[in-house]
Participant: 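One structure, as C-alpha cells, below. Some questions next.
Proteins get letters first, then strands, A, B, ... in listed order; numbering begins at 1 in each. In this text the structure is predicted, and so the values were computed from the model without any measurement.
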Amino acid sequence: MRTRSLVLSLFGYAALVFILAPIVIVVIASFSPARYMEFPPPSLSLRWYREVLGSSDWLGAFGSSIVLAFCVATATTAACFLAALVTTRRRFVGKSLLEMLVQAPLLLPNAALAMALLALLVQIKGRGTLGGLWIAHCILVMPFVYRPLVNGLRQFDLGLEEAAMTLGSPPLRTFRLITLPAIKPSLITAFAFSFIISFDEVTASVFLVGVNYTTLPVKILSDIQSDATPAIAAVSTLLMLLTMTFVTIVSRMVGIGRVIGSRSGH
Amino acid sequence: MPEVVVHAKAVEKKYRDVAAVRGVDLEVFRGEFLTLLGPSGCGKTTLLRMIVGFEQPTTGRIVIDGRDVTEVPTYRRPIGMVLQNLALFPHMNVQENITFGLLTRGERKSAALQKATQMLSLVGLAGFGHRLIHELSGGQKQRVALARSIVLEPSVLLLDEPLGALDLKLRQQMQGELKRIQRQVGITFIFVTHDQEEALTMSDRIVVMNAGRIEQIGAPQEIYDHPETMFVASFVGDTNVFAGRAIATAGARVSVELPALGQTVEVQGRGITPGMAVNVMIRPEFVALDDQPGAPCSGQVTDRTFVGADIRYSVTVGNQNLEARRPHRPEDRMLAPSATSGVTIDWANGIAFPSAA
Ligand SMILES: Nc1ncnc2c1ncn2[C@@H]1O[C@H](COP(=O)(O)OP(=O)(O)OP(=O)(O)O)[C@@H](O)[C@H]1O
Ligand SMILES: [Mg+2]
C-alpha cells in the first residue's frame, strides 16, 4: 500500500515537473539581455519586455487578437444561447440536424476546415480581415460553447418560471429576474471558454491572416520561424500572466454563481 | 346560492392519444377549501395546470370570477399556485420571494415590505425575512411558498400536493396550519392530494377523480357515508366488497343474494334492477366480531393489528376475507389469531353498486 502510494506520488510530481519545467525555462529565458534565446541567460534584464511593449507590431497583433476574441465570444455565446434555449425547450422538425450542424466542426481537422474557410473567404474577399477571422473562429468555437449552455439550461428548473408567472410576472420580466440569474454561471463559462479558444487559435488562423492583419498566436509562430529572439519568451510570459488573471477572475465569478446555482435543486 | 369563483366547463385535455382529463365540469365556490382527490395519474395536476393557464384545454372553457380566461395567459389570471416542488427563487431571500409579486404588480417597495412582514407573521415566520431559501427547513419553505402567493390576495389559490414531501408528523402539523391560514385569509383553496385521510380532514368539499373524470363531488362525510360509485367507496376509506346478485328492489333498498356467505341481505342501492350482478360494499366498522351465539355466521380470525384507538381484524368467512374494526377499550378481551368468532354485519349500512361487467 505504502510503496504504491509513494510510487504514485513520485509519478505525480514527475509529471508536474515535466509540465512545468518548460514554462519555467521560458519565463527565465525571457529575462535575458542576449540577442538569441539561451538558457541559462548570461544575466538578467528587462530588455525584451521593453522591446515588446514598445513595438507596434506586437501590440497591434495583441490588440487584434483581443478584439477578435471578444467579438467571437460575444457572437457565439449569444447565438448558442438562443440555439440551446430553443433545443432544450421546444420540439421541432430538424432539431437534431441543427444540433449536429452546431457540433460538426468538432469532427473535422482544423486544417481541413481552414482550407474550406480560406476558399470561402477568398470568394467574399474576407481573407486577412477581422470579419473573415471572425466568421472562421465563430464556426470553430461554436461546439465548445453550445454544450455547456445546453447543460446549464437543462439543469434549470422550469418550475421557477411557472411560479413567477403565477405571481403575475410576464415572460420578459421572468426571464430577466428569474431565468437569467440562474444560468449566469453557464453564460460566463461559455463566454470565457470561447474567448480563450479564439485567442489561442493558430491552426486555422495561419491560413486566414493577411499582410496587414494578423493575430498574436500567428505572429508568435512566424517569429519563431524567422528569428527566435527572447522577445517571444517575453510575450509568452506576459500571456501566461494575463491568462492566469483572466481565469482567476472568471472562476471567482462562476464559483459564486455555482453556489447559487446548486441551491435551486432544493 | 354561493358565489362561483372558478368554473371549469366541459374541460378535456388530450396529450396526443392520452386523455388526461375528460369532460370535467366543476364549480368552485368563494371561500371554500376544495380538494381534488384521486389516484396517481388521474389528471389532478393536469386539471390544475389548465385552471392556472400552464396548459390549454383541448376543448372546454375555464371561467374565473365570471370572466372566460381560457385564452388569458397565467400572469394575467387572478390566481396563485403553490407548486409541488414549491419553486422558491433560490437567488432571493425570503422577503424578496414574498415581495416579488407585489413589486411586479408595481407596488411601492415600502408598502410591499410592510405586507411581507405581515405575511411572515401570519405564516409563523416573523423575523425570517433575511434568511436565504437554502437556510430553511422543509416546513418553513412551505410557509414561504404559501406567503408568497397569499400576499397577492388571489381569487383562488391552487396547491398541488404541497405537503407530499414532508414526513408524517410535519405533514399533520402543516395540514392544521394550512386550514388555519385559509380560514384567516378567506381565500378559496383548490388543494390536490392523493391521500384520502388528508382530503377528509381538511376539505369543505372533496372532488374524487378517477381516470380523468369526476366520480363524485361532496362534503367529506357525504363522500365517506354515501359513495356514489364503487371507485369512491374503495378509494375513500377501507371497504369490504362482496359479489352478489340483486333479487328485488324497493325504493333505495335492494335485496342481494351473496353466494360467499350463503345469505340474502338488504342493503342500500340505486339504479339497480332485479337480476343485475352487483358488488356490495361494507365498511369494516360495520362488521362486528363477537362470541355470542346466534350470530348469522362465523369466521376465523387470521390477523390482528393493534393501532391504538382501534383494533383491526382480518377474518375469513367461508372463502371470503373480511376486514373488521372496533374501537379499543382496555377491558375488552382481544381475539387471538386463529380464534373462531361470530360475525355480525350491519347490512343497513352496506351499499350495492352495479358490477362493472
Ligand atoms: N406533458 C404530458 N405529456 C403526455 N402525457 C401527460 C403529460 N402530462 C400528464 N400526462 C398524462 O396525463 C395523465 C394525468 O397526469 P397528471 O399529472 O394530471 O396526474 P396526477 O393526477 O396529477 O397524478 P399524481 O398524483 O401522480 O401527480 C397521466 O396519465 C400522465 O401520464
Ligand atoms: Mg400531480
Participant: Between A/Thr87 and A/Tyr146, is there a side-chain donor-acceptor contact under 3.5 Å, judged purely by atom types and distance?
Facilitator: yes
Participant: Would you kindly say whether A/Thr174 and A/Ser169 are connected by a side-chain donor-acceptor distance under 3.5 Å?
Facilitator: yes
Participant: Salt bridge or not between B/Glu71 and B/Arg61? Use side-chain N to carboxylate O under 4.0 Å.
Facilitator: yes
Participant: May I ask you to check whether B/Asp195 and B/Thr193 show a side-chain donor-acceptor distance below 3.5 Å?
Facilitator: no
Participant: Between chain A and each of B/Ala87, B/Gly101, B/Gly80, count heavy-atom pairs under 4.5 Å; write down the option with the most.
Facilitator: B/Ala87
Participant: With a 3.5 Å cut-off and no angle check, do the side chains of A/His137 and A/Thr76 form a donor-acceptor pair?
Facilitator: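 Side chains of A/His137 and A/Thr76: no pair found under 3.5 Å.
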Participant: Tell me which of these, B/Val82, B/Leu83, B/Leu158, B/Val151, has more heavy-atom pairs under 4.5 Å with chain A than the rest.
Facilitator: B/Leu83
Participant: Using a 4.5 Å heavy-atom cutoff, which residues in residues 46-55 of chain B come close to chain A?
Facilitator: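 Under the 4.5 Å heavy-atom cut-off, B/Arg49, B/Val52, B/Phe54 qualify.
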Participant: Between B/Lys9 and B/Glu27, is there a side-chain N and carboxylate O pair less than 4.0 Å apart?
Facilitator: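 Judged by the 4.0 Å cut-off on N to carboxylate O distance, B/Lys9 and B/Glu27 do not form a salt bridge.
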Participant: Would B/Arg183 and B/Asp204 pass as an ion pair if we require N to O under 4.0 Å?
Facilitator: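 A salt bridge is absent here (no side-chain N lies under 4.0 Å from a carboxylate O).
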Participant: Answer with side chain, backbone, both or neither: which region of B/Ile79 has an atom nearer than 4.5 Å to a non-hydrogen atom of chain A?
Facilitator: backbone
Participant: Is it the side chain or the backbone of B/Leu103 that comes within 4.5 Å of chain A heavy atoms, both, or neither?
Facilitator: both
Participant: Would a line drawn from the ring center of B/Phe100 to the ring center of B/Phe89 be shorter than 6.0 Å?
Facilitator: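 Centroid separation for B/Phe100 and B/Phe89: below 6.0 Å.
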